[in-house]
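Below: the structure, in structure tokens.
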Amino acid sequence: MTKIFIVEDERRIARFLQMELEHEGFATASESNGLRAYERIIQEDYDLVLLDIMLPEMDGLTICKNVRKISDIPIIMLTAKDEISDKVTGLDIGADDYITKPFAIQELLARIRVALRKHNNTAKQEEAATFVFKNIIVYLDRHEVTVNGKLVELTKKEYDLLLYMLQNHDHVLSREQILQFIWGYEYMGDTNVVDVYIRYLRSKIDDEFKEKYIHTVRGIGYVIKT
């Protein structure tokens with residue numbers, strides 16, 4: 001069940017939102033204190049935050065700015081302020097949407113559905129566009145690789161070789177298989193090129209991050225082991 005966190009210090013409004021959202025099938029939780037709300041957002045599991053701006057101890061803009069450093073949870077700002085500068089500030093620091101009080105509950109529900117749908121679609125696209133192996137992430141759409149969150153600079157051939165081995169992890173690949181897949185059947189150069197590029201990868205990944213990924217199977221080829 002989708003869980004929405006209501007951060008609102010006006011008890012009447014918070015209760016109204018809880019009743020309406022629960023009637024629509026959402027699970028809810030609420031908090032009136034800004035600092036406690038921030039702590040709960042980063043510690044607990046919510047699908048969307050309805051966030052007022054004027055809050056005790058920590059205002060909504062500060063909460064949004066801090067949350068955006070660590071999470072992409074959808075945030076819709078709720079506030080009586082309707083100045084353009086407040087809207088721009090909220091959106092610039094990472095809010096997904098902005099609605100001013102008083103608002104029609106049907107409009108808010110529509111905005112919630114849009115924010116959730118956009119977030120879910122983005123998450124699916126990002127998941128589909130990555131290949132994850134242990135602490136290695138390959139970003140397929142932009143041909144980038146990170147290890148422990150750190151970007152690794154690879155040439156196109158190094159990237160292609162690493163991805164091929166990762167996608168075939170735990171399967172020993174012969175030099176001939178690698179040569180044909182990465183360099184093509186018509187490649188007429190030095191067959192030792194596979195060993196050279198394996199050394200390049202080991203230098204940039206195994207040696208750099210002090211963890212052995214690429215193993216040599218003597219007389220056969222290479223394998224990345226889980």
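We use all heavy atoms of the structure for the numbers below, so side chains are in, but hydrogens, waters and symmetry mates are not. Note that the numbering runs from 1 along the sequence shown for the chain.
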Under a single-linkage definition using a 4.5 Å side-chain heavy-atom cutoff for Ile, Leu, Val, Met, Phe, Trp and Tyr, are [X] and [Y] assigned to the same hydrophobic cluster?
| X | Y | value |
| --- | --- | --- |
| Ile178 | Leu166 | yes |
| Val196 | Tyr164 | yes |
| Val172 | Phe133 | no |
| Tyr159 | Val132 | no |
| Val67 | Leu91 | no |

Heavy-atom donor-acceptor pair, [X] side chain to [Y] backbone, under 3.5 Å:
| X | Y | value |
| --- | --- | --- |
| Gln177 | Ser174 | yes |
| Arg202 | Ile214 | yes |
| Arg68 | Ile73 | yes |
| Asn168 | His171 | no |
| Glu24 | Phe26 | no |
| Glu158 | Thr155 | yes |

Near-ring test His215/Tyr222, centroid separation under 6.0 angstrom: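 Tyr222 vs His215: aromatic centres not under 6.0 Å.
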
For a side chain to side chain contact (heavy atoms under 4.5 Å, CB included) check, start with the C-alpha distance between Leu21 and Ile6, then their side-chain angles and the critical distance, and finish with the verdict. CA-CA 10 Å; Leu21 291 171; Ile6 302 164; 3.9 Å; yes

Compare all side-chain heavy atoms of [X] with those of [Y] and state whether any distance is below 4.5 angstrom.
| X | Y | result |
| --- | --- | --- |
| Leu55 | Tyr38 | no |
| Met77 | Ile99 | no |
| Tyr213 | Val147 | yes |
| Val223 | Leu173 | no |
| Leu50 | Ile4 | yes |
| Ile41 | Ile63 | yes |
| Leu17 | Glu20 | no |
| Asn148 | Glu211 | no |

Correct closest heavy-atom pair for Asp52 and Thr79 would be OD1-CA, 3.6 Å

In terms of relative ring orientation, are Tyr197 and Trp183 parallel, tilted or perpendicular, with 30° and 60° separating the classes? perpendicular

Applying salt bridge (charged side-chain N to carboxylate O under 4.0 Å, His left out), which residue pairs with at least one partner in residues 137-150 are found, sequence neighbours left out? Arg142-Glu144, Lys150-Glu208

Residue pairs involving residues 217-226 (criterion salt bridge (charged side-chain N to carboxylate O under 4.0 Å, His left out); sequence neighbours excluded):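 For residues 217-226, and leaving out neighbouring residues, there are no salt bridge (charged side-chain N to carboxylate O under 4.0 Å, His left out) pairs at all.
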
Assess the side chains of [X] and [Y]: does a donor N or O sit below 3.5 Å from an acceptor N or O?
| X | Y | answer |
| --- | --- | --- |
| Thr62 | Asp59 | yes |
| Arg40 | Tyr46 | yes |
| Asp47 | Thr2 | no |

Contacts of Glu57 meeting salt bridge (Lys or Arg N to Asp or Glu O under 4.0 Å) (sequence neighbours excluded), chain-then-number -> none

Side chain to side chain donor-acceptor pair (under 3.5 Å): pairs with one or both residues in residues 7-17, sequence neighbours excluded: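 Residue pairs with at least one partner in residues 7-17: Glu8-Lys101.
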
Could you list the residues that satisfy ring pair (Phe, Tyr, Trp, His ring centres under 6.0 Å) with Phe103, not counting sequence neighbours?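 Not a single residue meets the ring pair (Phe, Tyr, Trp, His ring centres under 6.0 Å) criterion with Phe103.
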
Enumerate donor-acceptor pairs with a distance under 3.5 Å from any side-chain N or O in residues 108-118 to protein atoms, sequence neighbours excluded.
| residue | atom | partner | partner atom | Å |
| --- | --- | --- | --- | --- |
| Arg111 | NE | Glu107 | OE2 | 3.1 |
| Arg111 | NH1 | Asp97 | OD1 | 2.7 |
| Arg111 | NH1 | Asp97 | OD2 | 3.0 |
| Arg111 | NH1 | Tyr98 | O | 3.4 |
| Arg111 | NH2 | Glu107 | OE2 | 2.8 |

Could you check whether atom CG of Asp45 has more than 12 heavy atoms from other residues, nucleotides or ligands sitting under 6.0 Å from it?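 No.
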
Roughly how far apart are [X] [atom1] and [Y] [atom2], rounded to 0.5 Å?
| X | Y | atom1 | atom2 | result |
| --- | --- | --- | --- | --- |
| Ile224 | Leu162 | CD1 | CG | 5.5 Å |
| Glu39 | Asn33 | CD | CG | 8.5 Å |
| Ile205 | Lys210 | CD1 | NZ | 13.5 Å |
| Leu78 | Thr100 | CG | OG1 | 9.5 Å |
| Thr28 | Leu48 | OG1 | CG | 12.0 Å |
| Cys64 | Ile76 | SG | CD1 | 11.5 Å |

Using the side chain to side chain contact (heavy atoms under 4.5 Å, CB included) definition, which of the options Ile198, Asp195, Ile220 pairs with Arg175? Asp195

Whether Lys204 and Glu153 form a salt bridge (side-chain N of Lys/Arg under 4.0 Å from carboxylate O of Asp/Glu) is what I want to check.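 Looking at Lys204 together with Glu153, the answer is no, because their closest N to O distance does not fall below 4.0 Å.
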
For the pair Lys156 and Asp160, find out whether any cationic side-chain nitrogen is under 4.0 Å from an anionic carboxylate oxygen.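 Here Lys156 pairs with Asp160 in a salt bridge, since their nearest N and O are under 4.0 Å apart.
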
Side chain to side chain contact (heavy atoms under 4.5 Å, CB included) for Val194 and Leu161? Distances and angles first, verdict last. CA-CA 9 Å; Val194 174; Leu161 176 56; 5.6 Å; no

